[in-house]
There are 2 protein chains.
Amino acid sequence: MEYGVLDKLVGYAIRRAQIRIYQDFLDALGHLAITPPRFSAMTIIQCNSAMKLTELASAMGIARSGAVEVVNSLEKLGYVTRTDSATDRRAFALALTENGKQAMHEITAAIEDHDARISARLTKDEQFELRRLLDLLG
Amino acid sequence: MEYGVLDKLVGYAIRRAQIRIYQDFLDALGHLAITPPRFSAMTIIQCNSAMKLTELASAMGIARSGAVEVVNSLEKLGYVTRTDSATDRRAFALALTENGKQAMHEITAAIEDHDARISARLTKDEQFELRRLLDLLG
DNA sequence: TATTGTTATACTCTATAACTATA
DNA sequence: TATAGTTATAGAGTATAACAATA
């Protein structure tokens, strides 16, 4: 099978890697109904107290309507809650529920296993170098 | 804004890079209705004559039903055609139309520009190293 | 006027499962 | 029986645009 110009493109190498990684992610976390954007959202909510939904969207690089969907799904799972903002009656203060905080222990551990698994063929130095090169893109 | 564990994950670095690259891809090729999977499909069809749809699906790493959709959209754009297989009456021989071959000149040039743009901050050696490290994943 | 969250709508990408024609 | 392509269905992820409430 020939892949032509695809083999020479940095973008395609990233795409291929991402497809494999996404699959391993879902295999490792699908049973908890956690997907990459959901994990990103929970982590960002956990690290930044009383975030507004618009701030979450911006941090994730997605549209506000997309953040609504992510938060809806996490609320449905019982991991995230919308509470009233103390300073802006239009806004919500996003927070993890107790259930969500509990789950984050298991989820984060599974994510770290997953990340170690996908980068197992790289030395620590190579992993660092890979992150550095990726961050240089864009 | 804090990103917690996300900053340490190889998988998240790839995800971030992929989002930026995807955006640049669509900015550069959206006017031709070309998306990453569509470009992959056209390239693979171009390089491998008389492919079956099932082979295309396998080469792209997606389900047969997904390949049907990609080929449908490319057929609608006038870039790809299903012709009868000479050897198997169940199967089609996929091929680029004349229109598709013409378009591939412009599309491939735009893709190469795009790929050069996203990797502009890396030296040639770094680009090679990045592809090597990405291929080691998975 | 501008911003916050929401809804409506639409499109892409992906999967599984069942179907038909053929092998 | 197995394979090739298709369709039906579903779900995630994304976007734009319009809206009500509030700033």
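Naming convention: chains lettered A, B, ... in sequence-line order (proteins, then strands); numbering from 1 in each chain.
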Tabulate below the donor-acceptor pairs under 3.5 Å that side-chain atoms of residues 49-68 of chain A make, not counting sequence neighbours, or state none.
residue : atom : partner : partner atom : Å
E55(A)  : OE1  : K52(A)  : N            : 2.9

N/O donor to acceptor pairs below 3.5 angstrom from side-chain atoms of residues 18-33 of chain B, sequence neighbours left out:
residue : atom : partner : partner atom : Å
R20(B)  : NE   : L137(A) : O            : 3.3
R20(B)  : NH2  : L134(A) : O            : 3.3
R20(B)  : NH2  : L137(A) : O            : 2.8
Q23(B)  : NE2  : D27(B)  : OD1          : 3.1
D24(B)  : OD1  : H114(B) : ND1          : 2.7
D24(B)  : OD1  : R117(B) : NE           : 3.3
D24(B)  : OD1  : R117(B) : NH2          : 2.8
D24(B)  : OD2  : R117(B) : NE           : 3.2

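Considering only residues two or more places apart in sequence or on other chains, R16(A) meets the salt bridge (Lys or Arg N to Asp or Glu O under 4.0 Å) condition with D7(A), D135(B). For R89(A), there are no salt bridge (Lys or Arg N to Asp or Glu O under 4.0 Å) partners at least two apart in sequence or on another chain. With sequence neighbours excluded, no residue forms a ring pair (Phe, Tyr, Trp, His ring centres under 6.0 Å) with Y12(B).
Distance CZ (R82(B)) to P (dA4(D)): 15 Å, rounded to an integer number of Å. The CZ atom of F92(A) sits 9 Å away from the C1' atom of dT6(C) (whole-angstrom rounding). Counting to the nearest Å, the C1' atom of dG11(D) and the CG atom of N72(A) are 15 Å from each other.
When hydrophobic side chains of Ile, Leu, Val, Met, Phe, Trp and Tyr are connected at separations under 4.5 Å, F92(A) ends up as a singleton with no cluster partners.
Counting heavy atoms from C-beta outward, V10(B) and F128(A) have side chains that stay 4.5 Å or more apart.
Counting only residues at least two apart or on different chains, the salt bridge (Lys or Arg N to Asp or Glu O under 4.0 Å) pairs with a member in residues 93-113 of chain A are E98(A)-K101(A). Under the salt bridge (Lys or Arg N to Asp or Glu O under 4.0 Å) criterion, the residue pairs touching residues 70-79 of chain A are E75(A)-R82(A), with sequence neighbours excluded. Sorted pairs that involve residues 56-79 of chain B and meet ring pair (Phe, Tyr, Trp, His ring centres under 6.0 Å), not counting sequence neighbours, are lacking altogether.
Applying a 4.0 Å cut-off to non-hydrogen atoms, none of the residues of residues 46-57 of chain B approaches DNA chain C.
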Close N or O pairs between protein and nucleotides 10-16 of chain C (under 3.5 Å):
residue : atom : partner : partner atom : Å
dT12(C) : OP1  : R38(B)  : NH2          : 3.3
dC13(C) : OP1  : T35(B)  : OG1          : 2.7
dC13(C) : OP2  : T35(B)  : OG1          : 3.4
dA15(C) : OP2  : A63(B)  : N            : 2.7
dT16(C) : O4   : S65(B)  : OG           : 2.7

Between protein and nucleotides 21-23 of chain C, what N or O pairs are separated by less than 3.5 Å?
residue : atom : partner : partner atom : Å
dT22(C) : O2   : R90(B)  : NH1          : 3.4
dA23(C) : OP1  : R89(B)  : N            : 3.0

